[in-house]
**Student:** 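One structure coming up, written as structure tokens, with questions to follow.
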Amino acid sequence: MNALPVRVRFAPSPTGFLHIGGVRTALFNYLYARQHQGKFLLRIEDTDTDRSEQRFTDDILSSLKWLGMGADEPILYQSKRLPIYQASAEDLITRGLAYRCTCTEAEVEAAREQMIKDGKKPMYARTCREKNLPAGNRPYAIRAKFPLTGVTSFRDLIRGEISFPNEDLDDFVMIRSNGVPTYNFVVVVDDIEMKISHVIRGDDHINNTPKQIFLYEALKAHKPIFAHLPMILGQDKKKLSKRNGETSTNAYREQGYLPEALLNFLVRLGWSHGDQELFTMEEMIGLFNLENVQVSGAVFNTEKLLWIAGEHLRRADPTRLIQIIKEDFSKSFSAASFSALDTTYALSLIPHLQPKVKLLPELAGQLDPLLDPGVRAVDASSLKWNRDESIKAKIKEAILSIKGEFQAKLSGSSSEILASCGVDHAVVDSVFRATCERFGLKLGELTQPLRLFITGHPSASIGLFDLLPLMPWKTVSERIEACLKA
RNA sequence: GUCCCCAUCGUCUAGAGGCCUAGGACAUUGCCUUUUCACGGCAGUAACCGGGGUUCGACUCCCCGUGGGGACGCCA
């Protein structure tokens, strides 16, 4: 349909850590680019020299990398292009589309307050508009000479026609008196420079759009297609911010969300494809469309995010999970457990844990006592067998019998894991049930203490019958011994 | 205050005039399953902001009201 090559961009300003709302904006841009075989570009909007910091740029870039959304072309830094903006603004002055302004902040502010009193939209009083101040009069700001009459309108891909009476629009500052350009100006200069075809951004920018359209015309450039995304809201229905939710992307990484889970959650905030809730990146790219983007804001629902996290975790490749855990969650492990992460034993445990946990730290916490080669200290005080000494003795007898039975299965083998001697969940199950019958015990009576000691965890997620075949027998038998001494 | 945008279950949403006694998901409630923790299965509670039009017919279209949000910086 559109012959123009799709070129979109994500343009964060490095005045804070990558905002989760920014991630969704980036995602929609990214998906749109991928789907249309276009380019996804990155621009760092660091014209606010007071608030921009290198560490925030680093954070934004590393977070985007974590999410798998890298730029297709070199990143543009606005701070490196200052002379270009200045020259462009001066050119606009000579063409009568901008003017120099020597008003002080105090003067501008006073006029603004007066306008609020008069029930008008507060804006610059256009004091210097017709003064034709010369270039020598430093310091001066450069303001856009916005038309006083008429209407500026555009067709938003998501919302349709939006229009603004020009009289409500401000002669906004393009270049500050310190020579540094402002957002509304650089956005346009750079979007032209970068040949951006579609501007997909938050709807808090709707009000900026007419100003930017004026600039496109002033700079004799084709304006891009605009698509304004609904805001992400906090529980209080206000724009998501530090005040009403966790906004920094790396906080979610630290909490152990998989990047694809975060992206899946974010894509469903404002966009849908029928009843489908779960998407892989490939599906998102294939199915995404701006037409199905919602127009109203969406509350950031942490519970649903957690559910999606679990769904993605269980679908993830175990080898990859171990890799991520090693990189990001080493703190959850004892030294011995951590080094055991590279064993096939660790790998064999993961599939049994995946359906039962939602976040990476949970997985790490479950893994740690299972990988630990030694005996784990556990609190046996709440075990039911404490209520009756004679049953306790009988249970221990049964446990000893079970231990012997498994030991026998290993005797002819050089392996020290039961699984390689043909013991699987079903075999363990039948051994346990037969033993119970022989000793007149209930299955639960037998498994409860064993479970506690062998998993080494008061609320282990893995099934005992799944664990026994996999765990090195040395560890199993040591832990059974500890159980018998309890 | 002015301008702009928006309005379906608690939340994310489906719905493009009859398919709607409004569907799905998360959360929640109950039951089932169960060696544990989960997962899972089944069932339940729960919504079209209000008022006018248009139409044979409106959740869907129009207008008004109300409510909510956003923007009004020499921040981005």
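Letters A, B, ... mirror the listed sequences (proteins, then strands); counts begin at 1.
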**Student:** Using a heavy-atom cut-off of under 4.0 Å over every strand shown, decide if D118(A) touches base, sugar-phosphate, or nothing.
**Tutor:** nothing

**Student:** Please classify the nucleic acid contact of E445(A) as base, sugar-phosphate, or nothing, using heavy-atom distances under 4.0 Å.
**Tutor:**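 If one applies the 4.0 Å heavy-atom cut-off, E445(A) turns out to touch nothing in the nucleic acid.
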
**Student:** Are R315(A) and E311(A) close enough for a salt bridge, meaning some N to O gap below 4.0 Å?
**Tutor:** yes

**Student:** Between D170(A) and K121(A), is the closest basic N to carboxylate O distance under 4.0 Å?
**Tutor:** no

**Student:** Using the P atom as the reference point in each nucleotide, state the distance between G15(B) and A38(B) in Å, no decimals.
**Tutor:** 36 Å

**Student:** Would you classify T15(A) as touching base, sugar-phosphate or nothing, given that sugar-phosphate means primed atoms plus P, OP1 and OP2, and contacts are heavy atoms under 4.0 Å?
**Tutor:**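 No contact.
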
**Student:** Please give, in whole Å, the distance from C62(B) P to E161(A) CD?
**Tutor:**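 Spelled out: CD on E161(A) to P on C62(B) is 14 Å.
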
**Student:** Tell me the interatomic distance from W271(A), atom CH2, to A25(B), atom P, rounded to whole angstroms.
**Tutor:** 17 Å

**Student:** Nearest to the side chain of K356(A), which nucleotide is it out of U11(B), C37(B), A7(B)?
**Tutor:** C37(B)

**Student:** If you pin R314(A) and L269(A) to their nearest nucleotides in RNA chain B, which one's is more 5'?
**Tutor:**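 The residue closer to the strand's 5' end, by nearest nucleotide, is L269(A).
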
**Student:** With heavy atoms under 4.0 Å as the rule, sort R201(A) into base, sugar-phosphate or nothing.
**Tutor:** nothing

**Student:** Near E437(A) CD, under 6.0 Å, is it more than 12 heavy atoms from other residues, nucleotides or ligands?
**Tutor:** no

**Student:** Take the protein atom NE2 of H352(A) and the nucleotide atom P of A38(B), then report the distance between them rounded to whole Å.
**Tutor:** 19 Å

**Student:** Could you state the CG-C1' distance from D275(A) to A22(B), rounded to the nearest angstrom?
**Tutor:**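 Whole-Å distance recorded here is 13 Å.
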
**Student:** Ignoring backbone atoms, establish whether K121(A) has a side-chain N or O less than 4.0 Å from OP1 or OP2 of C72(B).
**Tutor:**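 So the side chain of K121(A) is outside the cut-off, no N or O lying under 4.0 Å from OP1 or OP2 of C72(B).
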
**Student:** Who does C49(B) pair with, Watson-Crick or G-U, both distances under 3.5 Å?
**Tutor:** G65(B)

**Student:** With a 3.5 Å cut-off and no angle check, do the side chains of N292(A) and S272(A) form a donor-acceptor pair?
**Tutor:** no

**Student:** Using purine N1 to pyrimidine N3 plus N6-O4 or O6-N4 for Watson-Crick, or N1-O2 and O6-N3 for G-U wobble, both under 3.5 Å, which nucleotide pairs with C59(B)?
**Tutor:**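 None - no nucleotide pairs with C59(B), as no candidate has both distances under 3.5 Å.
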
**Student:** Considering every strand and a 4.0 Å limit on heavy-atom distances, what is the contact class for K117(A): base, sugar-phosphate, or nothing?
**Tutor:** nothing

**Student:** If pairing requires Watson-Crick or G-U wobble contacts with both distances under 3.5 Å, which nucleotide is the partner of G17(B)?
**Tutor:** none

**Student:** So, E405(A) and R438(A), do they make that salt bridge, N to O below 4.0 Å?
**Tutor:**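 Looking at E405(A) and R438(A), the cut-off is met.
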
**Student:** Rounding to a whole Å, what distance do you find between I60(A):CD1 and A76(B):P?
**Tutor:**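 Whole-Å distance recorded here is 14 Å.
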
**Student:** By the definition side-chain contact (heavy atoms from CB on, under 4.5 Å), identify the one residue from V173(A), I142(A), T47(A), L215(A) that meets it with F185(A).
**Tutor:** L215(A)

**Student:** With heavy atoms under 4.0 Å as the rule, sort K442(A) into base, sugar-phosphate or nothing.
**Tutor:**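 Nothing, no heavy atom under 4.0 Å.
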
**Student:** Any strand is fair game: report the nucleotide pairing with A25(B) by Watson-Crick or G-U wobble, both distances under 3.5 Å, or none.
**Tutor:** U11(B)

**Student:** Which sits closer to the 5' end of RNA chain B, T47(A) or G274(A), going by the nucleotide each is nearest to?
**Tutor:**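 Between the two, 5'-proximity favours G274(A).
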
**Student:** Does U11(B) have OP1 or OP2 under 4.0 Å away from a side-chain N or O of K237(A)?
**Tutor:** yes

**Student:** Just compare C6(B), C3(B), C26(B) and give me whichever is closest to any side-chain atom of F164(A).
**Tutor:** C3(B)

**Student:** Tell me whether the side-chain N/O atoms of R143(A) come closer than 4.0 Å to OP1 or OP2 in C74(B).
**Tutor:**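 For C74(B), OP1 or OP2 has a side-chain N or O of R143(A) closer than 4.0 Å.
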
**Student:** Give me the distance, rounded to whole Å, that separates A46(B) from U28(B) when you measure between the C1' atoms they each carry.
**Tutor:** 10 Å

**Student:** Would you indicate which nucleotide in A71(B), A76(B), U11(B) comes nearest to any side-chain atom of K239(A)?
**Tutor:** A71(B)

**Student:** For I162(A), which contact category applies under a 4.0 Å heavy-atom criterion: base, sugar-phosphate, or nothing?
**Tutor:** sugar-phosphate

**Student:** Does a salt bridge link E90(A) with R100(A), judged by any charged N lying under 4.0 Å from a carboxylate O?
**Tutor:**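 Yes.
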
**Student:** Does a side-chain N or O of Q276(A) approach OP1 or OP2 of U13(B) to a distance below 4.0 Å, or not?
**Tutor:**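 For U13(B), neither OP1 nor OP2 has a side-chain N or O of Q276(A) closer than 4.0 Å.
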
**Student:** Applying a 4.0 Å non-hydrogen cut-off, can you work out what H228(A) is touching in the nucleic acid: base, sugar-phosphate, or nothing?
**Tutor:**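 The residue H228(A) makes no contact with any strand.
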
**Student:** Under a 3.5 Å limit for both distances, which nucleotide forms a Watson-Crick or G-U wobble pair with G30(B), could you say?
**Tutor:** C42(B)

**Student:** Round to a whole Å and report the spacing from CG of N207(A) to C1' of A71(B).
**Tutor:**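 It works out to 4 Å between those atoms.
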
**Student:** S461(A) near the nucleic acid: base, sugar-phosphate alone, or nothing, with a heavy-atom cut-off under 4.0 Å?
**Tutor:**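 The residue S461(A) makes base contact.
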
**Student:** What is the nucleic acid contact for G270(A), judged by heavy atoms within less than 4.0 Å: base, sugar-phosphate only, or nothing?
**Tutor:**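 Contact class for G270(A): sugar-phosphate only.
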
**Student:** Please say whether the positively charged group of R81(A), taken as NZ for Lys or CZ for Arg, lies over the ring of Y77(A), i.e. under 6.0 angstrom from the six-membered ring centre and within 45 degrees of the axis.
**Tutor:** no

**Student:** Between F40(A) and F10(A), is the ring centroid distance below 6.0 Å?
**Tutor:** no

**Student:** Out of C26(B), C12(B), G73(B), which nucleotide sits closest to the side chain of R112(A)?
**Tutor:**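 Among the listed nucleotides, the one closest to the side chain of R112(A) is G73(B).
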
**Student:** Considering only heavy atoms and no angle criterion, is a donor-acceptor pair shorter than 3.5 Å present between the side chain of D203(A) and the base of G70(B)?
**Tutor:**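 Answer is no: no donor-acceptor pair is held.
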
**Student:** Taking only the side-chain heavy atoms of K304(A) (C-beta and beyond), determine which of G24(B), C74(B), G69(B) contains the nearest atom.
**Tutor:** G24(B)

**Student:** Applying the 5.5 Å / 30° rule, does F465(A) stack onto the base of U35(B)?
**Tutor:**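 Whether judged by distance or by angle, F465(A) passes, so it stacks on the base of U35(B).
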
**Student:** Under 3.5 Å, is there an N or O donor on one side and an acceptor on the other linking the side chain of H425(A) and the base of U35(B)?
**Tutor:** yes

**Student:** Expressed in whole Å, how much space separates the P atoms belonging to C12(B) and G53(B)?
**Tutor:** 32 Å

**Student:** Ignoring hydrogens and angles, answer whether the base of G24(B) and the side-chain atoms of E277(A) contain a donor-acceptor pair closer than 3.5 Å.
**Tutor:**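 A donor-acceptor contact between them is present.
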
**Student:** Please tell me which of the listed nucleotides, A76(B), G24(B), G70(B), lies nearest to the side chain of T182(A)?
**Tutor:** A76(B)

**Student:** What integer distance in Å separates M123(A):CE from C72(B):C1'?
**Tutor:** 10 Å

**Student:** Identify which nucleotide among U35(B), U11(B), G70(B) has an atom closest to any side-chain atom of K238(A), counting heavy atoms from C-beta outward.
**Tutor:**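 Nearest to the side-chain atoms of K238(A), counting from C-beta on, is G70(B).
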
**Student:** With both distances under 3.5 angstrom, what nucleotide forms a Watson-Crick or G-U wobble pair with U2(B)?
**Tutor:** A71(B)

**Student:** Given the P atoms of G51(B) and U66(B), what is the spacing between them in whole Å?
**Tutor:** 15 Å

**Student:** Just to be sure I understand the rule, does N301(A) reach a base, reach only the sugar-phosphate, or reach nothing, if contact means heavy atoms closer than 4.0 Å?
**Tutor:** base

**Student:** Measure from the side-chain heavy atoms of P165(A) and tell me the nearest of C4(B), C12(B), A76(B).
**Tutor:**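 Nearest to the side chain of P165(A) among the choices is C4(B).
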
**Student:** Per the atom types in the model, does the base of C74(B) pair as donor or acceptor with the side chain of S177(A) at under 3.5 Å?
**Tutor:** yes

**Student:** Between R268(A) and U11(B), does any side-chain N or O lie under 4.0 Å from OP1 or OP2?
**Tutor:** no

**Student:** Which part of the nucleic acid, if any, lies within contact of P122(A), taking any heavy atom under 4.0 Å across all strands shown: a base, the sugar-phosphate backbone alone, or nothing?
**Tutor:**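 P122(A): base contact, heavy atoms under 4.0 Å.
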
